[in-house]
Amino acid sequence: MDNILRVESLRKNFGGVVALDGLTFEVQKGAIKSIIGPNGAGKTTLFNIISGMYRPSSGGVWFLGESITGSPPYVTAKRGISRTFQNLQLFANMTVRENVMVGRHCRTKTGFLRSALRLPGAAKEEKRTAAEAMDILRFVGLEESAQRGASTLPFGKQRVVEMARALATDPKLLLLDEPASGLNLRETEEIGRLIQKIRDTGKTIIVVEHDMSLVMAISEEVLVLDHGRRIAEGPPRSIQKHPEVLRVYLGEEIPHAQSPES
Amino acid sequence: MGKKNLFGLASLVVVLLVVPHLLGNPYYLGVLVWCGIYGLVCMGLSLFMGYCGQISLGHAGFCALGAYISGILTTRFGFSPWPALGVAMLASLLVAFVVGLPTLRLKGHYLAMATLGFGMIIFVAAGGDPFGLTGGPSGFWGIPKLSVFGVVLDSEVKWYYFVWAVVLVCLVALLNIVHSRVGRALRSIHGGEPAAKAMGVHTARYKTQTFLLSAALGSLAGSFYAHYVGFVNPHPFGLNFSIHLLTMVVVGGMTNLWGAIAGTALLTILTRYFRVFMDWGVFFDGFILVIIMLVFPEGLFVGAARRLGGFVSRKRSTGVPGQASRQAAGGG
Amino acid sequence: MELSTILQYAFAGIKIGSIYAMVALGFNIIYNTTGIINLAQGEFVMLGGMFTVTLAKLMPLGLAFPIAVLAVAIVGCLFERAAIWPARRSSVITLIMITIGGSFLLKGAAMQVWGKNSFPLRPFSSEKPINILGAWVQPQVFWIIGVLAVVMILLTLFFRFTLTGKAMRACAANRAAATLSGISVDRMVLLSFALSAGIGAIAGIVITPVTLVDYGCGSMYALKGFAAAVLGGLGVSAGAVVGGLTIGLMECFGAALPFQGASSYKDGFALLILFVFLCAKPSGILGRAAISELKKF
Amino acid sequence: MKRICIGMTALVLTAMLVVTGCKKEKEEELALAPYKVGAVFAVTGPASWLGEPEKNTAEMIAKQINDAGGINGHPLELIVEDTTGEETATVNAMKKLVDKDGVCAVIGPSRSGTSMAIINIAEDKKVPLVSCAAAAAIVVPVKKWVFKVPQMDSDCVRRIYDYMKEKGWTKAAIITGTTGFGAAGRDQLIKLAKEYNMEIVADETYGPKDTDMTVQLTKIKAANAQALINWSIVPGQSTVIKNARQLGLTIPLFQSHGFGNIEYVKAAGAAAEGVLFPAGALLGPEGLPDDDPQKKLLLQYKNDYETKYSDAVSTFGGHAYDALTLVVKALKAVGDDRAKIRDHIENTTGFVGTAGVFNYSPQDHCGLDKTAFVMYTVKAGKFVPVEE
């Protein structure tokens, strides 16, 4: 069995609005899979359900063969699913390194009492966490900015910090919610390279993205959603010519780099 | 916990040791005893508010629990002070757990109202005296003095050293917590709850634990109050006190434990001083509060520290403008 | 319980509840434009009463009423310009602290001006109680209910049909978007302070004839009004009325509970219900969950 | 903008420092060291209408004494501290007076709760305290260093019950405020009811900030009482009267001696007509017989106070008068030794004050009994002694 994630007949309604409508798909281990679709197609809702922020109305999610349907986020994080956010959610009250160190939270275990007394184990773990955070920052190329306040960085770098933070949880599956939104052409290319570099370390990545050039450049597979339903799935080239996809997009707007924020 | 904090602790110890020799008068030490007692509550509140990003308008209730349980057990049931203090703290923890479990799901002003309601319920219960133990609105007196290692705390000087020793111990423990995995987790909740959750922080549990910790400190301060004053009635534990605690924490700078201590000391001393102005005292209280918050929106200590350059990069964004967070949340 | 007794309690509850509702309306208006709870709101109520007591000695009540409301609205504007506006970029908690400071300031100032005694105000019409199905009701109670209704209707019309009202609602819904569409958020905040100070003053004026007014009476109104606003759902006008009346009625029926000393627990009783209710429905009776998420301290 | 703010703050703070600094310097230098007496009153806060007349009175007397050359040549230095009606602030204020200022005696506080809070300090530090609060618990049981000048609430209750008994009323409804004063009064009302064979048919309370007592009074109305007794010191007692009359409650209405401020009558308006309450003779000294020992003193105090502060005299100011005069008498006799002052006060007899003629003893630190009360009623908006 080489799928890492399986989503089956997933439904989610908010009051009367149906955000996901019986969605089923799989993600292969080690792949980069992109999910595209017009605004309101249910992409972010899907992420929220996989990562445990929302509970689905019905249907289920299986991760590495085990059901994680409705597991709270602290459980899914520990199991190996991490994510970034469409609108940046960095901890503005911390430095870059501290942000990344929070990512190590689910892999460490010092509690109130042990930290209050600063037992030797706690101090050691703290030191290790700091070192690991630096390793990750080095990997994404941000070690220079480690001590800066997270919100003082330029926007493009903040996106990278968010990825580094997600990486710090040591995920098997990484969910990236519009990693290129708000970035310029050069930054988008850089982020694309970074995503591939992360994949090359053996991680599986799902990207929700509006920027088609990025999607086409990095994904092995693309899933197209509309109104919470799958309308197409396959390699990027075949998706581009898929009649249903063209209809959905032409009916709204042509997807393009720098698609406006939802 | 970093050089700055060690330096801070060292300076605090020096100041604490020097002060009694500079102030020839026990009265001033008495004021500092109050600073210490309030400081205990405010540290816990700072952890809960500034680090965890929650709000409580009900901590006077925990102080009341500590004071009343200590007082009732020692005067009516023959407990000696220390076991009574322990029972008070356990009871406060239990109450905090029962109250915290449902309320900590609430956010913002709703949480403020729920905690306020809790505090008022304790206040009303103390005044209504349902079990004939609290003495109703008149309260009761005759609470014995506390003794530490055989030394009876019967003077301002002894109380001063004792309370501040306790404050120091708690401060060190809390600073340790703050500069650890737990402290980061708490700050991540303040920074953004969804992201904290996604990083695997069990936000609900951390909020509850912090609430419990701050309740225990409140109860401790309350017990000290009872033994220090020797008399307990509901009046000092009303909503005004909760608001006063909140003010001390915010004025000092709630995102920093040192701020909580600084704010407590400043306001306790200032309000004492303002009593000199009699009728104008209330006015000055308000005036100073408004001016401080206008000049140092993120609190005196944090604001001053930033201006001195020490915290520039770290703390730049702790006082993220309400507008910014609102836009982020509103637009998303 | 007999019908007349129940009615008697209900009238007491509605009377005091209407005042809480008006205070809560004031809270909501400022909350909607700024996201803060203005804890000086109770002082506006007190000032309304105080100004009217003073003015009523010089002129007929009908004239004193609007002048007092206007005066308090001006105080609200001054307060906003002097203390809130300079801190408009600060966090919510800082702004709330400023309103606490403001409430001390206004209280202290009122103490200087009017001293420490309580003042009465004559009722708007006759003082003779009316008997309704066995319950005795002061005519002033009908004034209170009537004024609340009028305030509510005018506010609804204002928010629904005037350009300014719509602009204020836009600020509430999305500040950034409102700014982009050319609405001066600053001006809307100023206006919201004027409006809510005015409504607070109206509450103070109509309640003073049945109670009294002294410089320190504002904090109680602020507390109860806050409870009412939260119970009803912050930011929702109808919620303020529902919340206010509910709390007023709960207090009165709580005090009437048939056990010894029930009246000592009435405030606790109302708050306990509120507490339990919030735990069950975290956004209040008519509130929307999403809004409660927005405000960070 | 910020610079201006900082500047302003600094300016104001310096100004305040200078002002307080001057205050201290201003004391005139007399040959002998001043006698220091402390006073703790609720000058601000919710009980400020109690503390204000007390402070005014104490300051007025101190000035009169100093103008007349002081006490045996020593000027009287009165140091007033504001308690804001809060227990913690009172504890601080008391400690400041005792430790920092080194006063030889303390008068006040205004409220029963704050008085109870500092009894410990007076006892521990051995400082005579003359409380201006009413609750009997302050001096029963007797505390060595604590005295009080207002009439006991228990005696006030006795006075009311005597009156009721005379009229043949045996069913009383009581409504009390949830403050130290109200609660202490409620205790006495219930305790003494047995002794007088009174039946308490309704027992209700209200908070110090309540603005409506209709519910409690409706319950009382249903209880068929023959008289209603209200016990509180908050402005709420005016509301009780108004609400009671609006509900058509026509039974006689008694108030405690905390009603001794004409402002309450004004606040209650026409509804206050006929309200009965016991209080010291201060409220209507004109009516006293000329040979009454108190008459001259009462008239003079009333006149002095009302001309100086253009405000109606109240019994609360009278308590401060009694307390300070008592201490001054002791100072005159034995100097400023704390223990000697205490002993002197304890042995004071026949001291004529505004609240009555005081006779202290080691068993009685209040010095007054129920004869110190005159039953008043309200007629045409004025306090009038009841003809008996």
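Treat the numbers as computed from the prediction; the structure is a model and nothing was measured. Each chain gets a letter, A, B and so on, in the order the sequences are listed, and its residues count up from 1.
For B:Ile122, no part lies under 4.5 angstrom from a heavy atom of chain C. For chain C, no part of B:Asn240 is nearby; none of its heavy atoms comes within less than 4.5 Å.
The nearest pair of heavy atoms linking C:Ile98 to B:Val290 is O-CG2, 3.8 Å. Taking every heavy atom of both residues into account, C:Lys116 and B:Asp279 meet most closely at NZ-OD1, 2.8 Å. Taking both residues in full, the closest heavy atoms of B:Leu106 and C:Pro282 are given as CD2-CB, 3.2 Å, listed atom of the first, atom of the second, then distance. Closest of all the heavy-atom pairs between B:Met113 and C:Phe226 is SD-CD2, 3.7 Å. Minimum heavy-atom separation, C:Ala82 to B:Leu294: O-CD1, 3.9 Å. Closest approach of C:Met97 to B:Leu289, counting heavy atoms only: O-CD2, 3.6 Å.
Once rounded to the nearest 0.5 Å, the distance linking CE of C:Met220 with CG of B:Leu239 reads 12.5 Å. Note that CZ of B:Phe283 and CE of C:Met111 are 10.5 Å apart. Values are rounded to the nearest 0.5 Å. Taking NE2 of B:His109 as the start and CD1 of C:Ile37 as the end, the distance is 5.0 Å to the nearest 0.5 Å. Atom-to-atom distance recorded for C:Ser90:OG and B:Met293:CE is 7.5 Å, nearest 0.5 angstrom. B:Ile243 CD1 to C:Ser219 OG: the interatomic distance, rounded to the nearest 0.5 Å, is 8.5 Å.
Contact count against chain C (heavy-atom pairs under 4.5 Å) is highest for B:Ala114 among B:Pro137, B:Gly117, B:Ala114. Chain B forms more heavy-atom pairs under 4.5 Å with one residue of C:Asp267, C:Leu278, C:Leu272, C:Val276 than with any other, namely C:Leu278. Of the listed residues (C:Ala83, C:Ala229, C:Gly101), the greatest number of heavy-atom pairs within a distance under 4.5 Å of chain B belongs to C:Gly101. No other option in C:Leu39, C:Leu223, C:Leu274, C:Val185 has as many heavy-atom pairs under 4.5 Å with chain B as C:Leu223.
In this structure, C:Arg187 places its CZ atom where only 12 or fewer heavy-atom neighbours from other residues, nucleotides or ligands lie under 6.0 Å away.
In this structure a side-chain-to-backbone donor-acceptor pair under 3.5 Å is present from C:Thr94 to B:Pro297. Without hydrogens or angle criteria, B:Tyr110 side chain to C:Leu231 main chain gives no donor-acceptor distance under 3.5 Å. At least one donor-acceptor pair under 3.5 Å links the side chain of B:Arg105 to the backbone N or O of C:Cys279.
Taking the side chain as every heavy atom from C-beta outward, B:Met49 and C:Ile93 approach each other to under 4.5 Å. Side-chain contact between C:Leu271 and B:Phe118 is absent, with no heavy-atom pair separated by less than 4.5 Å.
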_side-chain contact (heavy atoms from CB on, under 4.5 Å) evaluation trace for C:Phe275 with B:Val99_ = CA-CA 10 Å; C:Phe275 185 87; B:Val99 170; 3.7 Å; yes
